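Quick notes on the structure that follows.
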Amino acid sequence: MHKWKVVVTDWEYTDLRYEERVFRHEDIELVPSQCRTEAEVIDACRDADAIINQYAPISRKVVESLEKCKVITRYGVGVDTIDLNAATEKGICVANVPDYCMDEVADHALALLLDVTRKVSLANHYVKNGKWDFKVTQPIYRLRGRTLGMVGFGKIPQVLAEKVKPLGLRVIAYDPYVPETVAKEKGVSLVALDDLCRQADIISVHAPLTQLTRGMLGKKQFALMKKGAFVINASRGPVIDEEALVEALREGKIAGAGLDVVEMEPICPDHPLLQMENVVLTPHVAWYSEEAAAEMRTKAALGVVDVLLHGEYPKYLVNWQVKEKVNLQENSGSKRYTPEQFLLLAGEKAIKPV
């Protein structure tokens, strides 16, 4: 009996139980790998029917080496590890999981916002080192009445906008792809990027990493910001020009930053950001909760099932242009799970999709 070969290029989990659970009763062979380089991905995936990817590079060279791949799904929202143009040209569907961690990332961005503006980590550091003195945190300003500027206003920042309303923050956003009507429904004003930089007391970055967004917050934007402004980033590190950020922090052009992502991860041990008291860093953890991890991994596997077993476009198809190359059925949503079932997938008892 023919078995579809599905390669997991790389993962940072203790096992692949969610993926195995989705494929358990299917004609699919799951092949785990831990690729780091182009050459390793090519060697592991050349004859794969489908690929599940985390961080390993799926470059044009990799895509062109694939002999029969029909779909590549990615753990997470961003697809910057995958050459979308090359995949589309080769007729390979690319899918992500855009809705698995909206609350988690919004919550983490809010946590960073509160931490840097209330200087919680700074105060904690001094108390644990024997200094009980509120003056080490000066100055701290009241949040109510201040302006939060969101760079990008997709699903996650829209959730964050709702969460900050009780804090009394005015919210503005820059996103050329979001209609004015959507922003108005959320009580948010859309503005140009330069205007956002001038007006905002706190800037929270939520843009995906693309050729257009790489380095979109650079020297020019930091020069426009208020001296007391804080920058939060829980999206992708390279959206911010890191050299310009370090310069702005060193020269006091902005007050501080809360970063869950940096340009190169993990961060270098001698990186200047590690020495700055006004910078709070977390290790790209904004996406994480047990529920979110289960949901992300299950949905990535279900994207493979959509294509290989159902003959459908994956529910979360990213490269819509591939429809000009591949004739599949529109997604029927016939194999879906409730949020509670994502966690149950790790259990012993089989469950049925709804």
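Here the structure is a predicted model, which means the values were calculated and not measured.
A continuous path of Ile, Leu, Val, Met, Phe, Trp and Tyr side chains, each step under 4.5 Å between heavy atoms, connects L309 with I52, placing both in one hydrophobic cluster. Taken together through direct or relayed side-chain contacts under 4.5 Å among Ile, Leu, Val, Met, Phe, Trp and Tyr, M150 and L259 form parts of separate hydrophobic clusters. When hydrophobic clusters are built by joining Ile, Leu, Val, Met, Phe, Trp and Tyr residues whose side-chain heavy atoms come closer than 4.5 Å, directly or via intermediates, V8 is not grouped with Y316. When the side chains of ILVMFWY residues are joined at heavy-atom separations under 4.5 Å, either directly or via intervening members, V280 and L114 end up in a single hydrophobic cluster. Cluster membership for V246 and L281, using ILVMFWY side-chain heavy atoms within less than 4.5 angstrom, is shared.
Put simply, the side chain of L66 reaches to within 4.5 Å of the side chain of I51, judged on heavy atoms. Under the 4.5 Å side-chain criterion, counting only non-hydrogen atoms from C-beta, V188 is not in contact with V182. Within the 4.5 Å cutoff, the side chain of I254 has no heavy atoms near those of the K227 side chain. With a 4.5 Å cut-off on side-chain heavy atoms, V261 and V205 do not count as touching. Considering only heavy atoms from C-beta on, L148 stays 4.5 Å or farther from L167 through its side chain. Counting only heavy atoms from C-beta outward, the side chains of F23 and V305 approach each other to under 4.5 Å. Considering only heavy atoms from C-beta on, Y126 stays 4.5 Å or farther from D133 through its side chain. Counting heavy atoms from C-beta outward, H108 and Y288 have side chains that stay 4.5 Å or more apart.
Remark: the backbone N or O of V262 is paired with a side-chain donor or acceptor of E265 at under 3.5 angstrom. When atom types are taken as modelled, the side chain of E263 and the backbone of D241 share no donor-acceptor pair closer than 3.5 angstrom. Not a single donor-acceptor pair under 3.5 Å links the side chain of D49 to the backbone N or O of W4. Checking side-chain atoms of N129 against main-chain N and O of H125 turns up a donor-acceptor pair under 3.5 Å. The backbone N or O of I92 sits less than 3.5 Å from a side-chain atom of N319, completing a donor-acceptor pair. In this structure a side-chain-to-backbone donor-acceptor pair under 3.5 Å is missing from Q158 to K186. D175 places no side-chain N or O within 3.5 Å of a backbone atom of G152 that could act as its donor or acceptor partner. A donor-acceptor contact shorter than 3.5 Å is absent between the side chain of N53 and the backbone of T9. Remark: the backbone N or O of E295 is not paired with any side-chain donor or acceptor of T298 at under 3.5 angstrom. A donor-acceptor pair under 3.5 Å is formed between the side chain of K90 and the backbone N or O of E64.
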Please lay out, stage by stage, how K5 and D47 fare under the test salt bridge (Lys or Arg N to Asp or Glu O under 4.0 Å).
-> CA-CA 8 Å; K5 180 179 178 180; D47 62 345; 2.7 Å; yes
Just do the side-chain hydrogen bond (donor to acceptor under 3.5 Å, both in side chains) check on H310 and S332 with the steps written out, would you?
-> CA-CA 9 Å; H310 296 170; S332 64; 5.5 Å; no
Evaluate the salt bridge (Lys or Arg N to Asp or Glu O under 4.0 Å) criterion for residues K61 and D83: first the C-alpha distance (whole Å), next the side-chain angles of each, then the deciding distance (0.1 Å), finally the verdict.
-> CA-CA 9 Å; K61 184 177 179 181; D83 190 317; over 6 Å; no
Start with the C-alpha gap between S59 and E38, add the side-chain angles, then the distance that decides, and say whether side-chain hydrogen bond (donor to acceptor under 3.5 Å, both in side chains) holds.
-> CA-CA 7 Å; S59 62; E38 271 187 337; 2.5 Å; yes
Residues W132, V127; criterion side-chain contact (heavy atoms from CB on, under 4.5 Å); working and verdict | CA-CA 5 Å; W132 186 275; V127 169; 4.0 Å; yes
Run the side-chain contact (heavy atoms from CB on, under 4.5 Å) check on H206 and V151 step by step: do they pass?
-> CA-CA 6 Å; H206 299 279; V151 179; over 6 Å; no
Does the pair K163 and D103 meet the rule for a side-chain contact (heavy atoms from CB on, under 4.5 Å), with working shown?
-> CA-CA 9 Å; K163 292 178 185 288; D103 268 311; 3.0 Å; yes
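In this structure, CE in M264 is found 10.0 Å from CD in E242, a value given to the nearest 0.5 Å. Atoms CG and OG, from N233 and S204 in turn, are 8.0 Å apart once rounded to the nearest 0.5 Å. Atoms CE and OG1, on M216 and T213 in that order, are 6.5 Å from each other to the nearest 0.5 Å. Between the OG1 atom of T81 and the CG atom of L209 there is a distance of 10.5 Å, given to the nearest 0.5 Å. L245 contributes atom CG, which lies 10.5 Å from atom CZ of R250 (distance to the nearest 0.5 angstrom). To the nearest 0.5 angstrom, I240 atom CD1 is 9.5 Å from I232 atom CD1.
In plain terms, the two heavy atoms of A123 and T137 that are nearest each other are CB-CG2, 3.9 Å. Between K315 and D306, the closest heavy-atom pair is N-OD2, 3.2 Å. Across every non-hydrogen atom of V304 and A50, the tightest pair is CG1-CB, 3.8 Å. Residues P269 and L274 share a closest heavy-atom pair of O-CD1, 3.4 Å. Among all heavy-atom pairs drawn from A48 and V7, the shortest one is CB-CG2, 3.7 Å. When all heavy atoms are compared, the tightest approach of F153 to P157 is CA-CG, 3.4 Å.
Of the residues L190, V191, T147, the one that meets the side-chain contact (heavy atoms from CB on, under 4.5 Å) test with L196 is V191. Among the candidates W11, Y13, Y75, the single residue satisfying the side chain to side chain donor-acceptor pair (under 3.5 Å) test with E19 is Y75. Here the rule is side-chain contact (heavy atoms from CB on, under 4.5 Å) with K253, and of K226, M225, E247, K219 only E247 fits it.
Relative to the six-membered ring of Y313, K323 meets both conditions, a distance below 6.0 Å and an angle of at most 45° to the axis.
Applying the salt bridge (Lys or Arg N to Asp or Glu O under 4.0 Å) test to pairs two or more places apart or on separate chains, those with a residue in residues 72-82 are D80-R236.
Using bins of under 30°, 30° to 60° and over 60° for the plane-to-plane angle, the ring pair Y100/W287 lands in the tilted bin.
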